Amino acid sequence: MKVIVVKDQAAGGKEGYKVFKDALDNGAKVFGLATGSTPVTTYKEIVNSDLDFSDCTSVNLDEYVGIAPDNDQSYKYFMQTHLFNDKPFKESFLPNGLASDPEAEVKRYDKVIDEHPIDLQILGIGRNGHIGFNEPGTPRDITTHVVDLTESTIEANARFFASENDVPKQAFSMGLASIMKSKHLLLEAFGENKADAVKGMIEGPDTVDLPASILQNHPDVTVIIDEAAASKLSKKY
């Protein structure tokens, strides 16, 4: 892993932008994208740049089950607001949260990933070490699947909804095996509440109890963390 420690999330966004630009300059055509508060500053830097993704494809990590694409809490809506409206891609794929047949939707999305090998995948990390919605205990060989969200993840996402009761209880998620097929992984983490997960991911054992620790086995990972998220690492980077 290449670990970059920055002062704060704003600085992290600038570093994340550099990774996207370098990938694009070196011929990357398929970008795996994430939602949530973590990548927002990176997307902001991209929006304010002259990068052009009109000949590129995006493949998103996940989407809530049961939420329409035009719902302001859907990940489709998030991507439109934070990136696609300003930086459109040739084509953009997300799981269909309203799919009537979840098993068929899982197979469809696996086919999307197989047909569009991801050059650069951006990731966040949950307080429990999840990446995408791959919660602790998720099998390492799993591809796209429907996830029952843990209480800690529902609680963490409640800040985006009117009440915790409104948070969806399931999501479609790219699986760990799918994520690991990406050529280059960029994981960002900001804030002291991510420090334990970051330490486990970088310095802890490779274990299913902390899903992000699987990244130790990937040949090309860039980790961008702020000083708070790096505060429990034993080594200085």
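Keep in mind that what you see is a predicted model, and the values were worked out from it rather than measured.
Side-chain contact between Glu63 and Thr35 is absent, with no heavy-atom pair separated by less than 4.5 Å. Between Asp62 and Val147, the closest side-chain pair of non-hydrogen atoms is not below 4.5 Å. Residues Phe84 and Ser58 form a side-chain contact, since some pair of their non-hydrogen atoms from C-beta on lies under 4.5 Å apart. Put simply, the side chain of Asp55 reaches to within 4.5 Å of the side chain of Lys29, judged on heavy atoms. The side-chain heavy atoms of Phe31 and Leu24, taken from C-beta on, include a pair separated by under 4.5 Å. Within the 4.5 Å cutoff, the side chain of Thr138 has no heavy atoms near those of the Val208 side chain. For the pair Met79 and Tyr43, the minimum side-chain heavy-atom distance is below 4.5 Å.
Not one N or O on the side chain of Asp22 forms a donor-acceptor pair closer than 3.5 Å with the backbone of Lys18. Listed for the Ser213 side chain is a donor-acceptor partner under 3.5 Å among the backbone atoms of Thr207. Checking side-chain atoms of Glu135 against main-chain N and O of Asp148 turns up no donor-acceptor pair under 3.5 Å. In this structure a side-chain-to-backbone donor-acceptor pair under 3.5 Å is missing from Asn128 to Asp209. Without hydrogens or angle criteria, Ser74 side chain to Ile67 main chain gives no donor-acceptor distance under 3.5 Å. Remark: side-chain polar atoms of Tyr109 are paired, donor with acceptor, to backbone N or O of Phe93 under 3.5 angstrom. Looking only at distances, no side-chain donor or acceptor of Glu227 sits under 3.5 Å from a matching main-chain atom of Asp8. No donor-acceptor distance shorter than 3.5 angstrom exists from the side chain of Glu105 to the backbone of Ser100, with no hydrogens or angles considered. A donor-acceptor pair under 3.5 Å is formed between the side chain of Glu203 and the backbone N or O of Ser234.
In the hydrophobic cluster analysis, where Ile, Leu, Val, Met, Phe, Trp and Tyr join through side-chain heavy atoms closer than 4.5 angstrom, Leu176 is grouped together with Val221. The same ILVMFWY cluster, assembled from side-chain heavy atoms under 4.5 Å apart, contains both Val198 and Leu210. Val112 and Ile179 fall within a single hydrophobic cluster, where Ile, Leu, Val, Met, Phe, Trp and Tyr side chains are chained together by heavy-atom contacts under 4.5 Å. In terms of hydrophobic clustering, with Ile, Leu, Val, Met, Phe, Trp and Tyr side chains grouped at heavy-atom distances under 4.5 Å, Val40 and Phe20 are assigned to a common cluster. The cluster map of Ile, Leu, Val, Met, Phe, Trp and Tyr, joined by side-chain heavy atoms under 4.5 Å apart, puts Tyr77 and Leu33 in different clusters.
In Lys199, the NZ atom is crowded: over 12 heavy atoms of neighbouring residues, nucleotides or ligands sit closer than 6.0 Å. Within 6.0 Å of the NZ atom in Lys44, the count of heavy atoms belonging to other residues, nucleotides or ligands does not exceed 12. For Lys169, the NZ atom counts as densely surrounded, since its 6.0 Å shell holds more than 12 non-hydrogen atoms of other residues, nucleotides or ligands.
In terms of the side-chain hydrogen bond (donor to acceptor under 3.5 Å, both in side chains) criterion, residue partners of Ser37 (sequence neighbours excluded) are, by chain and number, Arg159. With sequence neighbours excluded, no residue forms a salt bridge (charged side-chain N to carboxylate O under 4.0 Å, His left out) with Glu164. Residues passing the ring-ring contact (aromatic ring centres under 6.0 Å, His included) test with His184, sequence neighbours excluded: none.
Heavy-atom minimum distance, Leu61 versus Ala34: CD1-CB, 3.7 Å. Between Gln121 and Val59, the closest heavy-atom pair is OE1-O, 4.4 Å. When all heavy atoms of Pro168 and Leu149 are compared, the closest pair comes out as O-CD1, 3.5 Å. In plain terms, the two heavy atoms of Val223 and Met201 that are nearest each other are CG1-CE, 3.9 Å. Across every non-hydrogen atom of Ile224 and Gly12, the tightest pair is CG2-CA, 3.8 Å. In terms of heavy atoms, Thr144 sits closest to Ser178 at N-OG, 3.8 Å.
Annotation: the span from Tyr17 atom OH to Ile46 atom CD1 amounts to 8.5 Å, rounded to 0.5 Å. Asp119 CG to Lys183 NZ: the interatomic distance, rounded to the nearest 0.5 Å, is 4.0 Å. Atom CD1 of Ile131 is separated from atom CG of Leu215 by 4.5 Å, given to the nearest 0.5 angstrom. Summarising the geometry, atom OG1 belonging to Thr222 is positioned 11.0 Å from atom CG belonging to Leu123; distances are rounded to the nearest 0.5 Å. Rounded to the nearest 0.5 angstrom, Thr41 OG1 and Lys14 NZ are separated by 9.0 Å. Atom CD1 of residue Ile214 and atom CZ of residue Arg140 lie 4.5 Å apart, to the nearest 0.5 angstrom.
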Quiz item: Could you walk me through whether Thr143 and Ile113 pass the side chain to side chain contact (heavy atoms under 4.5 Å, CB included) check?
Solution: CA-CA 10 Å; Thr143 57; Ile113 296 166; over 6 Å; no
Determine all donor-acceptor pairs shorter than 3.5 Å in which one atom belongs to a side chain in residues 185-194; sequence neighbours excluded.
{"unit_1": "Glu188", "atom_1": "OE1", "unit_2": "Thr42", "atom_2": "OG1", "d": "3.2"}
{"unit_1": "Glu188", "atom_1": "OE2", "unit_2": "Thr42", "atom_2": "OG1", "d": "2.6"}
{"unit_1": "Lys194", "atom_1": "NZ", "unit_2": "Ile125", "atom_2": "O", "d": "2.9"}

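Val65 shares a hydrophobic cluster with Val106, Val146, Phe172; the chain of contacts runs through ILVMFWY side chains whose heavy atoms sit under 4.5 Å apart.
Between Phe53 and Phe89, the angle of the ring planes stays under 30°, which puts this pair in the parallel group of the 30/60° scheme. Between His82 and Phe78, the ring planes are tilted. Angles from 30° to 60° get that label.
Here ring-ring contact (aromatic ring centres under 6.0 Å, His included) pairs that include residues 200-237, with residues two or more places apart or in two chains, number zero.
For Arg127 and Asp196, the salt-bridge test fails: no basic side-chain N is under 4.0 Å from an acidic carboxylate O.
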